[in-house]
Peer 1: 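Sharing a structure, written as C-alpha cells. Questions coming.
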2 protein chains.
Amino acid sequence: MDARNDIAPRPRTRIQRKNSRAILDAALDVFSQYGFRGATLDQIAEVAGLSKPNLLYYFPSKEAIHVTLLAGLMDSWLAPLRAIDPNGEPVDEILGYVRRKLELSRDYPRESRLFANEVLQGAPRITDLIQGELRDLVSDTAALIRGWVAAGRLAPVDPHHLIFSIWATTQHYADFDVQVRDILLQDPERTHQGALDFLTHLYRAALTPGGPGLGESGPGKKP
Amino acid sequence: MDARNDIAPRPRTRIQRKNSRAILDAALDVFSQYGFRGATLDQIAEVAGLSKPNLLYYFPSKEAIHVTLLAGLMDSWLAPLRAIDPNGEPVDEILGYVRRKLELSRDYPRESRLFANEVLQGAPRITDLIQGELRDLVSDTAALIRGWVAAGRLAPVDPHHLIFSIWATTQHYADFDVQVRDILLQDPERTHQGALDFLTHLYRAALTPGGPGLGESGPGKKP
DNA sequence: CAGTTGTCTGACCAGATGGTCAGGTTCAAC
DNA sequence: GTTGAACCTGACCATCTGGTCAGACAACTG
C-alpha cells in the first residue's frame, strides 16, 4: 500500500534524476525510430549506457517507459496551439502557430516521430489523450476560428481541416526527414527557412479574407 | 543455377498466385500497422490463413515479403505525380494531383502507412528508391512547376515545398486516420469531401497568380 | 564504523521469433 | 492409377525478448 506507483515517480536523489533522464532520452531515440514493438530494452539500455536490469530498477516495464514519454510529450506538443491569442490578428495568429509548430518539428524531431509512430499504429496507448485533452483543445480552437470567419476576419475555411493541414505540413519535416533530405540535398537550416517561407505564403493566401485576389489590402505588416 | 531468385517471382500456378496474393495482402495489414520489426511472421501467417512454414515456402524470408511490398508500392504511389499534364492549366493540374493523391489515401491507406512506417524508421530498405526513381520524378515535376511560375501562370512558390505539402496534407488522412477520426467523429466519406474542399481552396488561393501580397499583379480571376 | 537505504549486476527464465527440415499430401499429366 | 512435381505441415532449433531475483556494492547517516 505504498504511494510510489505513479506513472512517473519524481526522482528524489541526484542519481535517480540523472539515470531517469538518460533512460528516457535513450528510449526516445529508440522508440521514435522503431516504434513500441520494434524497440527492445537491450537497445535502450545500451544507448543509455546502463544494464537492462538497471533500466527495470527505474521503470517497472518497457511499457511504463513508453507511457512516461508519451504523457510528457503531449503538453509541449499542444503548447503552440494554446498560445494562439484570441485577441490577436487572426491571420497572424495562425501564421504564428505554423511557425511555432515548424520550429517544434525542427527542434524536437524525435518527439514528433514518437507521436507519429504511435498514431500510425492505431494510438493504442494514447487514445484517451487524443479523445480528451487534444480533442477539447482542437474543439476550442475550431470555435475560435469559426468566430473569426464569421466576423469576416478570415477567409471561410473549415477549422478542423485547417488544423490538420498545419499539423501535416509542419510535422512532415520531422517525420519524413529522411525523405526530405534525400530529395532536397541541402542543409537543414535552409530547408527550414524554405519551408517557413512556403507555408507562410500558403496560409496567408488561403486565409486572408477576400479570397485569391484579395479584398481588403491591409498594411503589409512584417514578421 | 536456376532463374527463380527474383525479388517477386511471378507466380505460375493458380495456387501460387492465390497464396502469394493472400500473403502480400496479410503482410500489408501487419507491416503497415506495426512496421517491419514490430510485425511477426506468425501474425502474417494467421491473417493470411496459412501456416508459417507455408509462408516461407512462397517467400524466402520476412524481409523478402517486405521488400516485395515496398517495390510494388512505389509505382502506384508515383502514378498521380506522373499524371500531371505539362500542357494543362497549371492550377488545375496541381489541384487534380491533390485530388488524386487524396483519393489514394482514402482507397489505399495501408499502403500509405506502410510507406510512412518505412520512412519514419529511416527508410533503410528504400533509400535507393527514394534517391532514384522518386527524386528524379520530383526533380522533373519541380522543373515543370518552375516553368509555370516563370511564365506567370502560377504564383511564385518553391516547387519542392509545394510537393512536400501536398504529400503531407493528403497522406495525413491515411497515416493519422485514427487521430482524424477521434477528433472529427464523422463518417469517412464526409471527412474525405471536407478535406478535398479545404485543400482545393488552400491550393487554389496559394497558386493562383496575382495572389495576396506579391509583386506582379496578374488578372484577378474569379472569386 | 555500523547500519540502513539506495544502486547495480550476473545469472537466469519462460515465452516469442525467424527460420529449417524430413516427410506427408495434393494435383495435374501421362 | 502411376508418377513426379508442387504444395503443405508438425516438430524442431538457435536466438532474442521482457522480466525476475538473490545478492554484491555504494552512499549517506548516526
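The structure presented is a predicted model; accordingly, all values stated were derived computationally and were not measured.
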Peer 1: Which whole-number value in Å describes the distance from B/Phe36 CZ to C/dT17 P?
Peer 2: 14 Å
Peer 1: Mind calculating the distance between NE2 (B/His66) and C1' (C/dG18) to the nearest angstrom?
Peer 2: 15 Å
Peer 1: Take the protein atom CD1 of B/Ile65 and the nucleotide atom C1' of C/dG19, then report the distance between them rounded to whole Å.
Peer 2: 12 Å
Peer 1: Residues in side chain to side chain contact (heavy atoms under 4.5 Å, CB included) with A/Tyr97, at least two apart?
Peer 2: A/Pro80, A/Leu81, A/Ile84, A/Arg100, A/Lys101, A/Ile166, A/Trp167
Peer 1: Starting from P on C/dG19, measure out to CG on B/Asn54 and report it in whole angstrom.
Peer 2: 15 Å
Peer 1: Could you note down all residue pairs passing salt bridge (Lys or Arg N to Asp or Glu O under 4.0 Å) where residues 36-59 of chain A supplies at least one of them, sequence neighbours left out?
Peer 2: A/Asp42-A/Lys52
Peer 1: Examine C/dT7: is either OP1 or OP2 under 4.0 Å from a nitrogen or oxygen in the side chain of A/Gln16? Give yes or no.
Peer 2: yes
Peer 1: Distance-only criterion, 3.5 Å: show the donor-acceptor pairs between side-chain atoms of residues 120-133 of chain B and protein atoms not counting sequence neighbours.
Peer 2:
unit_1   : atom_1 : unit_2   : atom_2 : d
B/Arg125 : NE     : B/His66  : ND1    : 3.3
B/Gln131 : NE2    : A/Asp182 : OD1    : 3.3
B/Glu133 : OE2    : B/Arg82  : NH2    : 3.3

Peer 1: Please assess B/Ile183 against A/Ile163 for the test side chain to side chain contact (heavy atoms under 4.5 Å, CB included), listing each intermediate value before the final yes or no.
Peer 2: CA-CA 11 Å; B/Ile183 288 178; A/Ile163 293 171; over 6 Å; no
Peer 1: Pull out every residue in residues 44-53 of chain A that has a heavy atom closer than 4.0 Å to any atom of DNA chain C, ordered by number, or say none.
Peer 2: A/Ser51, A/Pro53
Peer 1: Please report the distance, rounded to the nearest Å, between NZ in A/Lys62 and C1' in C/dA16.
Peer 2: 12 Å
Peer 1: Between C/dT7 atom P and A/Arg14 atom CZ, what is the distance in whole Å?
Peer 2: 13 Å
Peer 1: Is there side-chain contact between B/Thr191 and A/His161, with at least one heavy-atom pair below 4.5 Å?
Peer 2: yes
Peer 1: Does any non-hydrogen side-chain atom of B/Leu24 lie less than 4.5 Å from one of B/Phe59?
Peer 2: yes
Peer 1: Report the distance from atom OH of B/Tyr57 to atom C1' of C/dG23, rounded to the nearest whole Å.
Peer 2: 14 Å
Peer 1: Establish, from distance only, whether the side-chain atoms of B/Ser165 and B/Tyr203 form a donor-acceptor pair under 3.5 Å.
Peer 2: yes
Peer 1: On DNA chain D, which is the earliest and which the latest nucleotide, 5' to 3', with an atom closer than 4.0 Å to a heavy atom of chain A?
Peer 2: D/dT17 to D/dC21
Peer 1: Taking it one step at a time, do B/Asp25 and B/Arg21 satisfy salt bridge (Lys or Arg N to Asp or Glu O under 4.0 Å)?
Peer 2: CA-CA 6 Å; B/Asp25 192 68; B/Arg21 236 182 258 277; over 6 Å; no
Peer 1: Scan for salt bridge (Lys or Arg N to Asp or Glu O under 4.0 Å) pairs involving residues 64-80 of chain B, sequence neighbours excluded, and state none if there are none.
Peer 2: none
Peer 1: In whole angstroms, how far is the C1' atom of C/dT17 from the CG atom of B/Leu55?
Peer 2: 13 Å
Peer 1: Within the 4.0 Å heavy-atom criterion, would you say A/Leu56 contacts the bases, only the backbone, or no part of the nucleic acid?
Peer 2: base
